[in-house]
Amino acid sequence: MKVVKSIKEIKDILVSEREAGRTIGFVPTMGALHAGHISLVEQSVKDNDVTVVSIFVNPTQFNDKSDLLTYPRTLGQDCQLLEPVGCEYIFAPSEEEMYPQPDTRVFQLGRVAEVMEGAHRPGHFNGVAQVVSKLFDIVKPDNAYFGEKDFQQIAVIRAMVEQLHLPVHIIDCPILREPDGLAMSSRNIRLTPGQRQKASLIACTLKESTTFVPEKSIQEVIRFVIDTINHEPEMEVEYFQIVDGNTLEAITDWSDTAYPIGCITVFCGKVRLIDNIKYPSVK
């Protein structure tokens, strides 16, 4: 496994790999890796001849600068996790390497980038599109792997790929959870022990809410989830919506879509956690 910090070097390496007829899988990350990331890498290793993992905390997708400053950076530990699972290359550029000049591109990504996270984090998805498009241009992967915890982000990246006509296949992989149900996230390490114990309430509540379909209405389920989580001190729901999993538009009746997804963001103390769950289809 080789750690590369230069764009030119990783491009030259991957040109040679492609010329040798090898397929390239890519897992873009911001580091602070956990078992969820590793599952993406393992899938890439299974599907491709060569796997590249990028580790780069992208400043353009943080609308909260304090969140950028506190985002965990653990490159040495990340390398130790990647070594045994078959990753050939880690691309770990500096901010100056990725952005020698400011990236002023503005993407028109449609409604999938405007709702939920897009409404609560202005500019976030434009920053995601900036960095992922740059990384795709550098790595030129055949397949790129993303975790379904970031459900909306996958829809945005697909919109970006379609808009730019990029020849990459986007592959979404299931959420990995801790034994108590909490979705694995790099942000989890910022939780205090007490907060970490409480945070499992998010997944437990979402799971319980799936048993209410179709007897309870959409609004009743939304109210149950929000009230249950907000009842716990230190926890506050920023938003919870039940949407069509393809369009990400909010639904008002279970029959509106065959693919209902509940998407939630919760503050546990000052740590912002996201999760989602698929509801039974009644269509």
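All of these numbers come straight from a predicted model, not from anything done at the bench.
Between the side chain of Thr51 and the backbone N or O of Cys87, no donor-acceptor pair lies under 3.5 Å. Formation of a donor-acceptor pair under 3.5 Å by the Glu17 side chain with backbone atoms of Leu14 is not found in this model. Listed for the Asp78 side chain is no donor-acceptor partner under 3.5 Å among the backbone atoms of Gln80. Side-chain atoms of His124 never come within 3.5 Å of backbone atoms of Arg121 as a donor-acceptor pair (strictly under, hydrogens ignored). Asn230 places a side-chain N or O within 3.5 Å of a backbone atom of Val237 that can act as its donor or acceptor partner. Checking side-chain atoms of Asn58 against main-chain N and O of Gly127 turns up a donor-acceptor pair under 3.5 Å. Judged by distance alone, the side chain of Ser200 and the main-chain N or O of Gly181 form no donor-acceptor pair under 3.5 Å. Asp275 places no side-chain N or O within 3.5 Å of a backbone atom of Leu182 that could act as its donor or acceptor partner. Judged by distance alone, with hydrogens and angles left aside, the side-chain atoms of Ser186 form a donor-acceptor pair with the main-chain N or O of Ala32 at under 3.5 Å. When atom types are taken as modelled, the side chain of Thr74 and the backbone of Gln77 share no donor-acceptor pair closer than 3.5 angstrom.
Nearest heavy atoms, Met184 versus Ala35: SD-CB, 3.5 Å.
Judged by distance alone, the side chains of Gln130 and Tyr99 never bring a donor and an acceptor atom under 3.5 Å apart. In this model, a donor atom of one side chain and an acceptor atom of the other lie less than 3.5 Å apart for Arg105 and Ser133. With 3.5 Å as the limit, one finds no donor-acceptor pair spanning the side chains of Gln163 and Gln108. Counting only N and O atoms by type, the side chains of Ser44 and Tyr145 include no donor and acceptor under 3.5 Å apart. Checking Asn143 against Asn48 by side-chain atom types alone, a donor-acceptor pair falls below 3.5 Å. With 3.5 Å as the limit, one finds a donor-acceptor pair spanning the side chains of Asp49 and Thr23.
The pair Arg22-Glu88 does not count as a salt bridge, with every side-chain nitrogen at least 4.0 angstrom from each carboxylate oxygen. Classification of Lys270 and Asp67 as a salt-bridged pair fails, no side-chain N sitting under 4.0 Å from a carboxylate O.
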Could you go step by step and tell me if Lys149 and Asp172 meet the salt bridge (Lys or Arg N to Asp or Glu O under 4.0 Å) rule? CA-CA 10 Å; Lys149 181 178 73 69; Asp172 52 317; over 6 Å; no
Determine, step by step, whether Asn126 and Val128 satisfy the side-chain contact (heavy atoms from CB on, under 4.5 Å) criterion, reporting the C-alpha distance in whole Å, the side-chain angles of both residues, the deciding distance to 0.1 Å, and the verdict. CA-CA 5 Å; Asn126 196 73; Val128 169; over 6 Å; no
Checking salt bridge (Lys or Arg N to Asp or Glu O under 4.0 Å) for the pair Glu114/Arg111: CA distance, chi angles, key distance, verdict? CA-CA 5 Å; Glu114 296 169 359; Arg111 283 288 291 167; 3.6 Å; yes
Check against side chain to side chain donor-acceptor pair (under 3.5 Å), Ser209 and Tyr279: CA-CA 9 Å; Ser209 75; Tyr279 284 94; 2.6 Å; yes
Steps toward salt bridge (Lys or Arg N to Asp or Glu O under 4.0 Å) verdict (Lys198, Glu234): CA-CA 9 Å; Lys198 293 176 181 179; Glu234 286 198 85; 3.5 Å; yes
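In this pair, Phe151 and Tyr259 present their aromatic rings perpendicular. The plane angle is above 60°, beyond the 30 to 60° band. The aromatic rings of Phe224 and Phe212 lie perpendicular to each other, with more than 60° between the two planes, well past the 30° mark.
In the hydrophobic clustering of ILVMFWY residues, with side-chain heavy atoms under 4.5 Å counting as a link, Val112 and Phe107 come out together.
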